[in-house]
2 protein chains.
Amino acid sequence: MLTISKENYLKAIYKHREGENLPVPASYIADELQVSNAAISKMAKTLSNKGLLEYQKHKGVRLTDEGEKFALKVIRRHRLWELFLINVLGLTWAEVHDEAEKLEHSTSEFLINKMDKFLGFPKFDPHGSPIPDRNGKLPELPSVLKMSECEAGKTYRVARVQDGDSQLMKYLTRIGINLNTEITILEKFSFDHSINVEMKGHHYLLSEKVVDRIWVADE
Amino acid sequence: MLTISKENYLKAIYKHREGENLPVPASYIADELQVSNAAISKMAKTLSNKGLLEYQKHKGVRLTDEGEKFALKVIRRHRLWELFLINVLGLTWAEVHDEAEKLEHSTSEFLINKMDKFLGFPKFDPHGSPIPDRNGKLPELPSVLKMSECEAGKTYRVARVQDGDSQLMKYLTRIGINLNTEITILEKFSFDHSINVEMKGHHYLLSEKVVDRIWVADE
DNA sequence: ATACAAATTTAACCATGGTTAAAATAAAAA
DNA sequence: TTTTTATTTTAACCATGGTTAAATTTGTAT
């Protein structure tokens, strides 16, 4: 069993490029985990000695197959907890992330499989993120694009939002954005990359920060 | 927020004498937490400096009001998790303790209150142990006696069993002992303190270990 | 009252996962 | 190509929560 810190390192590395297993710069991990770069260097060695990372000085780190396996386990636990907390206990989009962030480190394989079954072996979590199955296999991903790359004039359906920022989640909830919400792109402003949209009869100006954290699919 | 270790110390101390707040010998805690006596001495100082324990060298430790408050919070989380895991996810008596032991340290006040509400503000957990409410108040305790102190010839109803030993839980489940099971005391053997009982038409010889971990009430 | 045994505490040590500050390396600009 | 800047690594350090072994205190017999 890995410590909480180690699980978080592997998860952070995985999250950098979800699918593609490219080298991740130390500073990204430091930022993600809110620790110093020095801590990253040290842990990179430790995890590399355990065979979970490939690490070359000054070149960032990369998950080994073994490391990715562990990362996917943590992500599985996180996403199943989020779904569980929303479906069963009625928590909100804004509330689940922080709770799941803690619970994911205290959940046995046995328990998470019970939860998985209870939930009907779901393939996606409440943010539209794929849930690895008990063997670490991810479901096939729907083809999505970032809202920041949408075409003006077209209408899309929200397919996924980035989890982690409860302020953002609260905002999205407040203005009524949810999975599968239909959004029409009215106008894209290049000077600040904000986008003017129409949704359920209302207009909203969504900032770059926001449109960069929403993925959509064609209706 | 207390660390997991500190929460476990306070819980272990509380568990020594549930209600009465008597000094707890170091060796009891060491045994309970599976750490050395040296670790206990050191932590006793730490927690005493934090105002959670009264500690006099060689005289054991005692929870302060503040310390008891924290202990009850941990116990509340533990017991609500046990009930939740059994009621919602269908875990067994033998399975819940170890899972709850981990989850209890990763559950926010917010989440545990949601669970409490979801469960209908239960007063007792699946082992018959009282669940402190959100203010740390325990429900009124039914009058029970240890099975080892029962009278031969009388019939009782199981009111509570000691949680923690999954082997024991498995055994009790296997022979059909559950909360509210009716048991008639047939004969008490003084040489090894075992007890011969009748239950659902079958006879069982329960060892001292077993009868010391079951509390019963008059039918 | 004294000696012995048991329990407890202290001392010295260790691993983990952090920190800051300085040194080294890589990347970018001149 | 050289210099400057940004990133990464190393070194020295710290807190936490453990360990074992030795010293001390307490309780129990004799």
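Here the structure is a predicted model, which means the values were calculated and not measured. Values below: every heavy atom of this structure, side chains too, minus hydrogens, waters and symmetry copies. First the proteins, then the strands, lettered A, B, ... as listed; each starts at 1.
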Point to revise | Partners passing side-chain contact (heavy atoms from CB on, under 4.5 Å) against A/Ser129 (at least two apart in sequence or in another chain) | key: A/Arg79, A/Asp125, A/His127, A/Arg160

Practice item. Under 4.0 Å between any heavy atoms, over every strand shown, what does B/Ser27 touch: base, sugar-phosphate, or nothing? Just pick one. Key: sugar-phosphate

**Study point:** Atom-pair distance (CG on B/Asn49; C1' on D/dA15), nearest Å
**Key:** 15 Å

**Study point:** Residues within residues 51-64 of chain A bordering DNA chain D, heavy-atom distance below 4.0 Å
**Key:** A/Tyr55, A/Lys57, A/His58

Check your understanding: Between CZ of B/Phe189 and CG of B/Asn196, what distance do you get to the nearest 0.5 Å?
Key -> 5.0 Å

Practice item. Using the test side chain to side chain donor-acceptor pair (under 3.5 Å), find all partners of B/Asp192 that sit at least two apart in sequence or belong to another chain. Key: B/Ser194

Point to revise | A/Gln56, CD: over 12 other non-hydrogen atoms inside 6.0 angstrom | key: no

**Study point:** Distance (rounded to the nearest 0.5 Å) between A/Leu52 CG and A/Leu2 CG
**Key:** 6.0 Å

Practice item. Can you tell me which residue pairs pass the side-chain hydrogen bond (donor to acceptor under 3.5 Å, both in side chains) test with a partner in residues 105-117 of chain A, sequence neighbours excluded? Key: A/Glu7-A/His105, A/Asn8-A/His105, A/Lys73-A/Glu109, A/Arg76-A/Asn113, A/Arg76-A/Asp116, A/Trp81-A/Thr107, A/Ser106-B/Ser106, A/Ser108-B/Glu99

Check your understanding: Quick one: which of B/Val74, B/Leu72, B/Leu63 gives a side-chain contact (heavy atoms from CB on, under 4.5 Å) with B/Leu10?
Key -> B/Leu63

Check your understanding: Crowded around A/Asp65 CG? As in, over 12 foreign heavy atoms under 6.0 Å?
Key -> no

Check your understanding: Do A/Ile13 and A/Ile29 have side chains that get closer than 4.5 Å, going by heavy atoms?
Key -> yes

Review point. Can you tell me how far the CE atom of B/Met43 sits from the OH atom of B/Tyr9, to the nearest 0.5 Å?
Key: 5.0 Å

**Study point:** Nucleotide-level pairing of DNA chain D, given in dot-bracket where Watson-Crick and G-U pairs need both distances under 3.5 Å and | marks other strands
**Key:** ||||||||||||||||||||||||||||||

Review point. Please give, in whole Å, the distance from D/dT7 C1' to A/Ile40 CD1?
Key: 13 Å

Review point. Nucleotide by nucleotide, 5' to 3', does protein get under 4.0 Å of the base (B), only the sugar-phosphate (S), or neither (-) in nucleotides 17-23 of chain D, counting heavy atoms?
Key: BBBB---

